[in-house]
Number of protein chains: 2
Amino acid sequence: MQTKMKIGELARRTGFSTKAIRYYELLKLLPEPDRTESGYRLYGQKDVERLEFIEKAKHLGFSLEDIRDILILDEQQQRPCVHVLALLDQKLKQVDDVLRDLKDFRKELAGLRKESAEQIERLPADAICGIVERGVHAKGEAALAWLEFRHPGKRGRR
Amino acid sequence: MQTKMKIGELARRTGFSTKAIRYYELLKLLPEPDRTESGYRLYGQKDVERLEFIEKAKHLGFSLEDIRDILILDEQQQRPCVHVLALLDQKLKQVDDVLRDLKDFRKELAGLRKESAEQIERLPADAICGIVERGVHAKGEAALAWLEFRHPGKRGRR
DNA sequence: ATAAACCTTCCAGTCGGCTGGAAGGTCAAG
DNA sequence: CTTGACCTTCCAGCCGACTGGAAGGTTTAT
């Protein structure tokens, strides 16, 4: 049992902001921590690990709600149950679906890029942009929605 | 030039909402249209084509900001295709990053599932599980979230 | 003794891509 | 002449995942 740390130290160790950590507590992703007499939050190694897990799951596009459910499952591992297993299976299926769509879409994108690079000087002059006009399967829409969903707002700065 | 139409007709022809069309005008994706004496917006065939282009670009996963940039380049009679090619490369890289991460996470998730499945075999199936109720609930919510993600804008939960 | 570096809670704002509604003007049909 | 389908503008809100700031309390160092 190591030194208990305050929220700033936990933030420094995990790369999350103190704001985010308090927010996760609010959403029940983190348990309510012990407090000092003066009310400061106190964290230990388990919290570091929990935040590291959250970071991985988050990076993979799981919502905080999803992550909260998975963490609750983790807490209950001594007494797992069928319904929880079903939830996990559902998550796995979602991941597999996205994986499949994304692989297909990568192919389409790569093919479109290659053709376009070769034919860029010969594209129809009346179109706004020949590349876009050629279009892509509906699968791409879902896969890219996933992309936008996962990496929101990273494009805005210029 | 043939029949000028009002915004409702343009919406019907393109599948966009009138709200969305006005919003695109605000964001400079559409030029300011002519007006009737009473102030109604009047659109022509070019606007239909522009919205069709916007729809395709949206399917390719471009943001409205991306699309506006492409349209502005086009208006300046430059070659937006070169720009689009760069955007395509960016998308490809994003897809590759997601694929790599997603494969890693699938492994983690599968491991967790396996552990849970092993534990379940050593316990009666009717064992009390504190998260059953909310597990079932979360399943429904997650399914809805997934639907929304694939078909955004058709919401109605809670 | 005081500054600075922390910490607390609470409320508000951000982003994108819209949608909804209020309050009112316009237009064709019955 | 009224009904109802359209149109106008403007303001509000939604989703998720935070971030920013105000207003204050605590701890540590000089």
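Heavy-atom basis, side chains included; hydrogens, waters and symmetry copies ignored.
- Direction of the helix axis in the helix from C:dA1-D:dT30 to C:dG30-D:dC1 shifts by 30° between the two five-pair termini, rounded to 10°.
- The line from CG of A:Leu30 to CG of A:Leu71 is 8.0 Å long, rounded to the nearest 0.5 Å.
- Protein atom OH of A:Tyr43 is 11 Å distant from nucleotide atom C1' of C:dC7, rounded to whole Å.
- Atom C1' of nucleotide C:dT9 and atom CD of A:Glu32 are separated by 14 Å, given to the nearest angstrom.
- Residue A:Tyr24 places none of its side-chain N or O atoms closer than 4.0 Å to OP1 or OP2 of D:dA17.
- Looking at every heavy atom in both residues, B:Arg68 comes nearest to B:Lys28 through CG-O, 3.7 Å.
- As rounded to whole Å, 14 Å separates atom C1' of D:dC7 from atom CD of B:Glu9.
- Atom CD1 of A:Ile21 and atom C1' of D:dG20 are 17 Å apart (whole Å).
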Working for side-chain contact (heavy atoms from CB on, under 4.5 Å), residues B:Asp96 and B:Lys93:
CA-CA 5 Å; B:Asp96 286 341; B:Lys93 190 181 172 306; 5.7 Å; no
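- If you find the closest nucleotide of DNA chain C to A:Ile7 and to B:Thr18, the one lying nearer the 5' end belongs to A:Ile7.
- Minimum atom distance to the side chain of B:Ala20 is reached by C:dC18, of the listed C:dC7, C:dC18, D:dC18.
- For A:Ser17 and D:dT19, the shortest distance from a side-chain N or O to OP1 or OP2 is below 4.0 Å.
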I need a per-nucleotide contact map over nucleotides 23-30 of chain D, read 5' to 3'. Cutoff is protein heavy atoms under 4.0 Å; write B for the base, S for backbone only, - otherwise.
--BBS---
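- To the nearest 0.5 Å, the span separating CD on B:Glu25 from CZ on B:Arg22 amounts to 9.0 Å.
- Note: CG (A:Asp66) to P (D:dC15) measures 16 Å, nearest angstrom.
- The distance from atom OH of A:Tyr23 to atom C1' of C:dC11 is 15 Å, rounded to the nearest whole Å.
- Interatomic distance, B:Asp47 CG to B:Asp34 CG, rounded to the nearest 0.5 Å: 9.0 Å.
- Ranking C:dC18, D:dT8, D:dC18 by closeness to the B:Leu64 side chain, first place goes to C:dC18.
- The distance from atom OG of A:Ser63 to atom NZ of A:Lys58, rounded to the nearest 0.5 Å, is 11.5 Å.
- Separating the CG atom in B:Leu10 from the CZ atom in B:Arg50 is a distance of 12.5 Å, to the nearest 0.5 Å.
- Computed from coordinates, the B:Glu25 CD to C:dC18 P distance equals 15 Å when rounded to whole Å.
- Candidate nucleotides C:dT8, D:dT9, D:dC18 were compared by shortest atom distance to the side chain of B:Arg22, and D:dT9 ranks first.
- Summarising the geometry, atom CZ belonging to A:Arg12 is positioned 11.0 Å from atom CD1 belonging to A:Ile7; distances are rounded to the nearest 0.5 Å.
- Of all nucleotides listed (C:dT19, D:dT8, C:dT9), C:dT9 comes nearest to the side chain of A:Arg35.
- Counting to the nearest Å, the P atom of C:dA12 and the CG atom of A:Leu26 are 16 Å from each other.
- You won't find any donor-acceptor pair under 3.5 Å spanning the side chain of B:Lys19 and the base of C:dG17, going by distance alone.
- Nearest heavy-atom pair, A:Ala11 versus A:Ser17, reported as atom, atom and distance to 0.1 Å: CB-C, 4.2 Å.
- Residue contacts for A:Leu27: at a heavy-atom cut-off of 4.0 Å it reaches no nucleic acid atom on any strand shown.
- In this structure, B:Lys6 does not pair ionically with B:Glu9, as no charged nitrogen and carboxylate oxygen lie closer than 4.0 Å.
- The phosphate of C:dT9 (OP1 or OP2) has a side-chain N or O of A:Arg41 nearer than 4.0 angstrom.
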